A.B. asks: 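Here it is: the structure, laid out below.
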Amino acid sequence: MRKLRLFYKLFFPFFLLGIGIVVGFSVFIYNSTYHSVEEEFIKDKQNYTKQILNNLEQKVRTIEYGYTAYSSTSNFETIFKKPLSGKDFDTYRDIKKELSYIEMMGIEGSKHNIISLAQNWAIIDGSLKGLQEEEVERYKEEYINEASQSLFWRPIDTGIEMIMTLPIYQRDKFALGISSIPRSSIDEIVDNEKDNLVEIYNSKNELLYSSRKEERRLSSESYKKIAEEGEAVKIVEADGKKYVYAKSDYNRWIYLVQIEPKEISSMINNTRIGLLIVSTLLILLVGIISYMLANSFSRPIRKIQEKLAIQDISGKKNELSLVADSVDKIIGQNETLMASLMMQKPQLETLFVLSLFRNRITANEAKHRLKQFGYFFKETDHFYTGLIQIDNMDSQKIVDKDLYLLALNNIVGEMVPDTERLIPIVLNEEMQATIFITDENDYDSSRRIMKYFEDIQSAAKEYLNITISVGISPVYKTLISSKKAVDLAKEALHYRVNVGPASIIFYDDIAPLLNDASISKYPVELQNELLNTIRSGNEEEVKETVEALIDEIFRLNKNPVSLEVTLIRLINEIIQLGQLLGAEAKIFDSIKPLYYEAINAYYPGRIKQMLIEHLITPIIRSTQDKTDKEFRSLSDKIVQIIQTEYDQEISLDIIADRLHYNPNYLSSVFKKEYGENFVDYLMGFRLQKAKSLLQETNMPIKEIAETLQYRNSQNFIRFFKKKVGITPGDYRKQYVS
C-alpha cells in the first residue's frame with residue numbers, strides 16, 4: 001500500500017500539470033490561428049473587392065475613352081449632323097470601324113451602338129436604322145434636356161447598359177453612344193470561384209449586378225448609410241450582415257462582397273478538429289509520461305523494498321536512456337537536413353527574389369525569409385533593380401537565348417560583390433534581373449552601379465560576343481516595392497529604341513521625356529498608302545512602304561505605351577483590310593506573336609519583318625486572284641468611261657469620285673493593267689479620235705480641239721504635231737488629196 005500511495009502522489013501532479021499545459025497551448029494556438037485566418041480572410045476579401053473595382057473600372061474607362069476619342073475627331077459633327085442612308089457606305093464603314101475599335105479595346109462580348117439625335121438614325125447591332133421622332137424625343141428628354149451629366153448607367157435584363165451623350169466636350173449634344181455589357185462578361189471580370197455574393201450599385205441606388213442572379217439584398221436605408229462611408233476599402237455592417245465595401249471615385253459605384261461567418265468557420269473547422277485530435281493525443285502522451293516518471297522515481301524505492309525482501313528482479317533499460325538515444329538520432333537527422341537545406345539555398349533564394357518581382361509575398365514573409373538567407377538590412381538601406389536584355393537580335397540570331405541569359409547571370413554574380421546585391425536571377429526568357437543594396441547616404445551608389453554594368457557589358461562582348469542594354473529603376477526603400485521597380489526598369493529598357501543598343505538607361509533620366517510623349521501619334525497618310533499598296537499586290541512597294549511607316553511610327557512615339565498602342569492599331573487596320581479583301585481566315589489565327597512583338601517593341605527591323613512575312617505577304621498572296629479580277633474590272637470601267645466620254649471634261653479625280661475609290665489607287669491599278677498611266681492613255685485615245693475626225697469629216701480644226709477638251713486650239717496643234725510629226729491641217733491634206 002505504501003508503494004502505491006507514493007506512485008499516485010507522483011503521478012497525479014505530473015498528469016494534471018501536463019493537462020493544464022496542453023489545454024492552455026491548444027487554446028492559445030486556436031485563438032492565434034483563428035485571428036490569423038480571419039485577418040487573412042478579410043484581407044483576401046478586401047483585395048478581391050478592390051480587384052473587381054479596378055478591373056471593371058478599367059474596362060469601363062476603356063469604353064468611355066473610345067467614345068470620347070471618336071467624338072473628338074474632326075469629322076464627328078459632320079457625320080452625325082447629316083442624314084445617313086444605305087448609299088453612304090463609306091461613312092457607315094467608318095462608323096462601324098470606330099465601333100469595332102471600341103469593341104476590341106473594351107469588354108469582350110459587349111455590344112456598342114450609336115445614335116444620331118440630330119438626323120434620327122442609329123447603328124444598332126451593326127445595322128443602320130431610322131428612328132421615330134417619338135424615340136428621339138424620349139432620348140433627348142431622358143439624357144440631354146434635363147440631364148446635368150454626360151454618362152449614365154442603368155441595369156438591364158442581360159447586364160448593364162452605358163449611355164454616353166456626345167460629343168463629350170461640347171454643350172450641344174447631338175449623339176448617343178450606347179454600350180450593353182452582358183452579365184457573362186461581368187462574371188468573367190468578377191471571377192467568382194468561391195461563389196461569393198458580389199453586388200454592385202450605382203449612384204442612384206440601383207442594383208447593377210449581383211453574382212447570384214437574385215434581387216437586391218440591401219435595403220434603401222442601408223444603402224444610404226453605406227454610401228456615406230467614403231472611398232476607402234473597409235468592412236461595413238448592414239441589415240445584420242457584414243460586407244467588404246469599396247466605392248469608386250470614378251463613377252461612384254458601390255461594390256459589396258458579403259462576408260459569410262460560415263466561411264471563416266469552415267476554414268477553421270479543420271483546425272478545430274486537428275487541435276482536438278492533437279490535444280487528445282497529447283493528453284494520452286502526458287498520461288503515459290506521467291506514469292513513466294512516477295514509475296521511474298518510485299522504482300528505486302521498489303528495488304530497495306525488493307532487495308530487502310530478497311527478491312531477484314531482472315533490471316530493465318532506463319527510459320531516460322531511450323530518450324537520450326532518440327535525441328542523438330534527431331540531432332543526426334537535423335544535421336543531414338541542414339546540409340540539404342544549404343545545398344538548396346540558391347534555388348530557394350532565387351524563388352524568393354522572383355516572388356518579390358511578382359508581388360507574391362507580404363512584408364512579414366519577406367522579413368522572415370531575408371533572415372533565413374542571412375540578410376540583415378539597416379534602416380538607411382535602399383535598393384535599385386537593374387534589368388539586362390540582349391540587344392543584337394537583328395544582326396544575329398541567338399538560338400539558345402536562355403543559355404546566354406544564364407551566362408550573363410553568372411557574370412553579374414561574379415562582378416558585383418555579395419554585400420551589394422541579392423542573388424541575381426533570370427527573370428524571364430528575355431531579361432536578367434538584379435536587386436542592388438545601397439545606403440541612402442552613399443551619394444556615389446548610382447555611379448558605382450553604372451560602373452558595374454559597364455564592366456558587365458564589356459565582359460558580355462568579350463566572352464559571349466553579344467551586346468546588351470540595361471534599364472535601372474529609381475531608388476526605392478522597401479523590397480516589397482520590387483514589382484513596381486522592375487516595371488519601371490522595363491520602361492527604361494523600352495527607351496532603348498530611341499538611344500540605340502548597348503545603352504545603360506536610368507529611369508530617372510527618361511521620366512520627363514516619357515511624360516512629355518504620352519500621347520500616341522499615328523501617321524494616317526502613310527498607313528493609307530500602305531493599305532493601297534497591299535490592295536495593288538506589289539510586294540516590292542509594300543516592303544518600301546512598311547519600312548517608311550514603321551520608321552515614322554518609331555520616330556513619332558517615344559513613350560513605350562503610345563508606341564504599343566500605335567503598332568497594335570496598325571496591325572488591326574491591316575487585319576481588317578485582309579478580311580475585307582477575303583483573305584483566308586487561317587492567316588489571322590497565328591498572329592499572336594505579332595501582337596507580342598508590338599507590346600515589346602524594341603526592334604523596328606523585327607516588327608517590319610514579322611508584318612511582311614506573317615501578315616501582309618500572306619494576305620496579298622491569298623487575295624491575288626480576287627485582286628487581279630478587281631484590277632481588270634476597274635481598269636475596264638475606266639477605259640469605258642474614257643471611250644464614251646472623251647469629248648467631256650474628264651480626270652482621274654472625277655472617275656475616282658464616281659467609282660468611290662482613291663485616285664492614287666486607281667492610277668496604280670490602271671498602270672499595272674495597261675502599262676501606261678491614265679493621262680497618257682486618255683491623250684492617246686483623243687489623238688486617235690482627232691485623226692478619225694480629220695480623215696472622215698470637214699469639221700474645223702478649232703472645233704475638233706474644243707470637242708477633245710482643248711481650251712486653246714494652238715495647244716492641240718502643238719500636241720498633234722509632237723505626236724504625229726505634222727500639223728492637223730497637213731494631215732488632213734494627205735487624206736483629202
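Computation of the quantities below employed the complete heavy-atom set of this structure, encompassing side-chain atoms and omitting hydrogens, waters and symmetry-equivalent molecules. The first residue of the sequence shown is numbered 1, and numbering continues consecutively from there. All of these numbers come straight from a predicted model, not from anything done at the bench.
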A.B. asks: State, without any angle test, whether R718 and N715 hold a side-chain donor-acceptor pair at a distance under 3.5 Å.
C.D. replies: yes
A.B. asks: Tell me if a side-chain donor or acceptor on N113 pairs with a main-chain N or O of D125 at a distance below 3.5 Å.
C.D. replies: yes
A.B. asks: If only atom types and distance count, is the side chain of K721 paired as donor or acceptor with the main-chain N or O of P728 below 3.5 Å?
C.D. replies: no
A.B. asks: Please work out which of the three classes, parallel, tilted or perpendicular, describes the rings of F76 and Y70, given edges at 30° and 60°.
C.D. replies: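 Geometry flag for F76 against Y70: perpendicular rings.
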A.B. asks: Is a side-chain N or O of S692 found less than 3.5 angstrom from the main chain of Q688, in a donor-acceptor match?
C.D. replies: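 Yes, S692 side chain to Q688 backbone: donor-acceptor pair under 3.5 Å.
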A.B. asks: Could you tell me if the side chain of T73 sits less than 4.5 Å from the side chain of I79, heavy atoms only?
C.D. replies: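 The answer is no; the side chains never approach within 4.5 Å.
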A.B. asks: Do the rings of F89 and Y92 sit parallel, tilted or perpendicular, given the 30° and 60° boundaries?
C.D. replies: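 Tilted: the ring planes of F89 and Y92 meet at 30° to 60°.
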A.B. asks: Looking at T707 and E703, would you say the former's side chain and the latter's main chain have a donor-acceptor pair under 3.5 Å?
C.D. replies: yes
A.B. asks: Could you tell me whether K484 and D487 make a salt bridge, using a distance below 4.0 angstrom between a side-chain N and a carboxylate O?
C.D. replies: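 So K484 does not pair with D487 through a salt bridge.
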A.B. asks: Between N528 and E525, is there a donor-acceptor pair closer than 3.5 Å when you use the side chain of the first and the backbone of the second?
C.D. replies: no
A.B. asks: How long is the straight-line distance from NZ of K637 back to OH of Y661, given to the nearest 0.5 Å?
C.D. replies: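 If we round to the nearest 0.5 Å, Y661:OH and K637:NZ are 7.0 Å apart.
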A.B. asks: Take a 6.0 Å sphere around CD of Q643 and say whether it holds more than 12 heavy atoms from other residues, nucleotides or ligands.
C.D. replies: yes
A.B. asks: So, the side chain of S116 versus the backbone of W121: is there a donor-acceptor pair under 3.5 Å, distance only?
C.D. replies: no
